[in-house]
There are 2 protein chains.
Amino acid sequence: MFDFLQQKVNETISISEEEFEYAKTLFLPKKLRKRRFLFEEGEPCIYTTFVEKGLLRSYTIDEKGSEHILQFAMQGWWSGDLYSFLTGEPSEYNIEALEDSELLLITKESWDQLLKEVPAFERYFRILIQNNLIATQRRLMGTFSTTAEERYQKMLKEFPDVIQRVPLHMIASYLGVTRETLSRIRSQITSGS
Amino acid sequence: MFDFLQQKVNETISISEEEFEYAKTLFLPKKLRKRRFLFEEGEPCIYTTFVEKGLLRSYTIDEKGSEHILQFAMQGWWSGDLYSFLTGEPSEYNIEALEDSELLLITKESWDQLLKEVPAFERYFRILIQNNLIATQRRLMGTFSTTAEERYQKMLKEFPDVIQRVPLHMIASYLGVTRETLSRIRSQITSGS
DNA sequence: AAATGGATGTGATCTATGTCACAGTTTTAA
DNA sequence: TTAAAACTGTGACATAGATCACATCCATTT
C-alpha cells in the first residue's frame with residue numbers, strides 16, 4: 001500500500017526506516033472508484049493525496065460551464081488543491097478518479113506534524129513543489145508561444161500513457177482547446193503522416 | 001541594503017539575529033542599471049536574485065521572435081530561472097532590469113549552504129515556491145478561461161503598480177496577447193466608461 | 001440484449017485575436 | 001539639442017480556434 005510513496009520519497013531524501021514508519025501512520029488509505037470525487041468545487045480540500053494506483057484529474061469549471069484541467073495525477077504523483085488545503089477556503093477545483101484508484105490521504109494537521117517531526121520532509125516537499133512550479137511555468141509559456149497542434153505533439157511525447165488512458169475531450173481541456181479542435185488536429189496528423 | 005530581505009524572511013519564519021547575519025554573508029549585493037541584463041538566453045542562471053529596489057522582468061523569446069514574459073519582480077520579490085539555477089543547464093530566459101535596481105544575488109553553492117546551516121530557510125523557500133506555484137496555476141487556468149480584456153482588468157486590480165511602471169507592450173506579452181490587441185482593449189475601456 | 005449516456009468525428013459558420021503597415025509621440029543617449 | 005530608438009495608436013485584412021448542429025460509435029448498466 002505504501003510502496004510507491006516510499007520509493008518516491010527515497011528518490012529525493014534519505015530518511016530512516018523508523019521515520020518512514022512514523023510517516024505511514026499519518027496517512028489514511030482510501031480507494032476511490034472511477035467517476036467518484038475526492039472533493040468538489042465549493043468544498044474545502046481537506047486532504048492532499050498521493051496516488052498509489054490509478055489516475056486522477058483536477059479541474060475547474062468556468063462561468064460558461066467549460067472544464068479546464070489543471071492536472072492529471074498518475075501512480076506516484078501528488079494531487080490536491082494547495083491553496084484550499086493550506087487556507088481551508090472552499091476550493092475552485094474538482095478532483096475525480098478517472099480509473100479505480102488507491103490513494104493515500106493526509107490532512108493539514110498531519111502534514112504539519114510530519115514536517116515538524118521529520119524535517120527532511122520539508123525538503124522533500126520543497127523539491128516536489130519546485131519541480132511542479134518549473135513544469136507549470138513551462139506549460140504557461142507554452143500556451144503563449146505554441147499552437148494547439150504543437151502542444152498536443154509535445155504531450156504525446158511527454159505523457160503518452162496519459163493520452164492512452166484518458167478520453168480525448170479531457171486531453172483537449174488540459175491543452176486549452178475544444179474537443180472539436182483536438183479531434184481535427186488528430187485526424188490531420190493521422191492522414192498527414 | 002538587506003532591509004527588505006530581512007522583512008520578507010521575518011514575515012514567514014522566525015530566525016535569530018545571528019542566523020540572519022550569517023545569511024547576509026552568503027549574498028552578493030549588485031546594482032543593475034535599466035536595460036542591463038542579469039543573464040541572457042543560452043547562459044546558465046548562476047544566481048537566484050532578491051530585489052531590494054527596482055524592477056526586473058524575466059522573459060523568453062520564441063522561434064518567431066516574440067517575447068513572452070514569465071514574471072515581473074518588484075521590490076521584495078525573488079527572480080531567476082529555477083531550472084537552470086538547479087541544474088546548471090543553459091537558461092531559456094532573459095532577465096532584464098526595467099529600472100535601476102539593487103539586487104541581492106546568491107549562488108547555488110551558497111544557497112545549499114544556507115539551507116544546510118539554517119534549516120528554517122528550507123521552510124522559507126518551500127512556502128515561497130508554494131505561493132508562486134499557486135499563483136502560476138491560477139494564471140494558467142486564467143489564460144484558458146478568460147478573455148484578454150478580463151485578464152487585463154484582473155491585472156489592473158492585482159498589480160496596478162506594475163501597470164504604472166511598465167510599458168504597454170510588456171504588459172501585453174505578460175498577458176499573452178499582442179501589443180496591438182492590448183492597445184485596442186485599453187482604448188475601448190477608456191471610452192466605454 | 002437492450003438501452004442509456006459517454007465519446008468521437010465532421011461540416012458550416014462565427015469571432016477574438018493576430019498580422020502588417022504606417023503615423024505620431026515620447027524617451028534616451030551621444 | 002538633436003538623432004535614434006522605444007513606445008503607442010489605429011486601420012485593413014487574415015486566421016486559428018470556437019460554436020453549433022448532427023451523426024455515429026462504444027461502453028456500462030440493468
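Quantities reported herein were computed from a predicted structural model and do not represent experimental measurements. Computed over heavy atoms, backbone and side chain alike; hydrogens, waters and symmetry mates excluded.
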| message | How many whole angstroms separate atom CG of B:L182 from atom P of C:dA16? | response | 17 Å
| query | For B:F50, which of B:W78, B:F27, B:F125, B:F2 qualifies under ring-ring contact (aromatic ring centres under 6.0 Å, His included)? | reply | B:W78
| said: Nearest whole Å is fine: how far is D:dA18 C1' from A:L175 CG? | reply: 16 Å
| field | Nucleotide C:dA7, atom P - distance to CZ of A:R186 in whole Å | value | 13 Å
| said: Between A:K34 and A:A148, which residue's closest nucleotide on DNA chain D lies nearer the 5′ terminus? | reply: A:A148
| OP1, OP2 of D:dT19 versus side-chain N and O of A:K64: anything below 4.0 Å? | no
| field | Candidates A:L133, A:N132, A:I134 - the one meeting side chain to side chain contact (heavy atoms under 4.5 Å, CB included) with B:T136 | value | A:L133
| request: Whole angstrom is fine here: how far is it from CG in A:L98 over to P in D:dA27? | output: 17 Å
| request: Please report, rounded to the nearest Å, how far the C1' atom of C:dT17 is from the CZ atom of A:F144. | output: 14 Å
| Are there more than 12 heavy atoms of other residues, nucleotides or ligands under 6.0 Å from atom CH2 of A:W111? | yes
| Measuring from B:L182:CG to B:E149:CD, what's the distance to the nearest 0.5 Å? | 10.0 Å
| Please give, in whole Å, the distance from C:dA16 P to B:E149 CD? | 11 Å
Any N/O pairs under 3.5 Å between the protein and nucleotides 21-25 of chain D? List them or say none.
none

| For the ring pair B:F72 and B:W77, is the centre-to-centre distance below 6.0 Å? | no
| task | Validate the cation-pi geometry between B:R139 and B:Y174: distance from NZ or CZ to the six-membered ring centre under 6.0 Å, angle to the ring axis within 45°. | result | yes
| query | Would A:R138 count as a cation-pi partner of B:Y83, with NZ or CZ less than 6.0 Å from the six-membered ring centre and within 45° of the ring normal? | reply | yes
| task | Look at the side chain of A:R184 against the base of C:dG11 and say whether a donor-acceptor pair falls under 3.5 Å; ignore hydrogens and angles. | result | yes
| request: Kindly say if A:T181 contacts the phosphate of D:dA18, meaning a side-chain N or O under 4.0 Å from OP1 or OP2. | output: yes
| query | Between D:dT8 atom C1' and B:I171 atom CD1, what is the distance in whole Å? | reply | 13 Å
| request: Send over the distance from B:Q188 CD to D:dT8 P, rounded to a whole Å. | output: 19 Å
| task | Mark yes when over 12 heavy atoms from residues, nucleotides or ligands other than A:E11 sit less than 6.0 Å from its CD; otherwise mark no. | result | yes
What nitrogen or oxygen pairs link the protein and nucleotides 3-7 of chain D at under 3.5 Å?
residue	atom	partner	partner atom	Å
D:dC7	OP2	B:H169	NE2	3.4

| message | Please determine whether residues A:L104 and A:L28 belong to a single hydrophobic cluster, defined as Ile, Leu, Val, Met, Phe, Trp and Tyr linked transitively by side-chain heavy-atom distances below 4.5 Å. | response | no
| So, is A:T178 close to the D:dA18 phosphate, meaning a side-chain N or O under 4.0 Å from OP1 or OP2? | yes
